[in-house]
Amino acid sequence: MMRFLILALVVGLVVWWLVGRSRKRTTDHSDTRSSQTPTAFAVCAHCGVHLPISDAVLDGQTAYCSDAHRLAGPRQRG
């Protein structure tokens with residue numbers, strides 16, 4: 001009878017430990033998602049490529065993907 005109780009205790013502790021680990025992983029993963037801030041994007045006025053505003057070359061209010069496209073100017077669409 002004593003062996004059965006010890007075995008049940010060991011199995012219970014293992015299950016409790018595994019459930020605790022899986023809950024910790026899900027909460028840690030959701031915390032990293034909520035701490036990220038969204039990135040603003042711009043569209044190159046010459047070629048139309050989308051890029052982060054931090055990587056864009058700005059000419060006033062107009063965004064370009066490179067200095068060469070800034071020098072070429074905006075493309076006429078239509």
Side-chain angles (χ1 to χ4, degrees):
M1 184 70 170
M2 187 62 133
R3 287 183 188 172
F4 177 72
L5 289 175
I6 292 174
L7 180 64
L9 180 65
V10 169
V11 169
L13 287 173
V14 169
V15 169
W16 176 71
W17 180 70
L18 289 174
V19 169
R21 281 181 47 130
S22 67
R23 285 186 185 165
K24 184 177 180 183
R25 273 192 218 142
T26 58
T27 57
D28 290 345
H29 184 62
S30 63
D31 290 342
T32 58
R33 282 187 186 169
S34 63
S35 66
Q36 295 176 350
T37 58
T39 303
F41 274 73
V43 178
C44 177
H46 184 77
C47 66
V49 71
H50 292 77
L51 67 157
I53 196 78
S54 59
D55 294 340
V57 178
L58 297 175
D59 187 16
Q61 293 290 332
T62 310
Y64 297 95
C65 64
S66 66
D67 199 41
H69 281 185
R70 183 188 63 80
L71 293 173
R75 181 184 296 181
Q76 298 297 327
R77 304 201 192 271

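Note that this is a predicted model, so its numbers are computed, not measured. One is the number of the first residue; the rest follow in order along the sequence.
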*Does the side chain of Leu18 come within less than 4.5 Å of Val14's, by heavy atoms?*
yes
*Taking all non-hydrogen atoms of both residues into account, name the closest pair between Cys44 and Leu51 and its distance.*
N-CD2, 4.3 Å
*Atom of His46, atom of Gly73 and distance for their closest heavy-atom approach*: ND1-O, 2.9 Å
*Is there side-chain contact between Pro74 and Tyr64, with at least one heavy-atom pair below 4.5 Å?*
yes
*Which pair of non-hydrogen atoms, one from Ala45 and one from Thr62, has the smallest distance, and what is that distance?*
CB-CG2, 3.5 Å
*Which heavy-atom pair separates Leu58 from Ile53 by the least distance, and what is that distance?*
CD2-CD1, 4.2 Å
*For the residue pair Val57 and Ser66, what are the closest heavy atoms and their distance?*
CG2-C, 3.9 Å
*Return the minimal non-hydrogen interatomic distance between Val43 and Gly48, and the atom names on each side.*
CG1-O, 3.6 Å
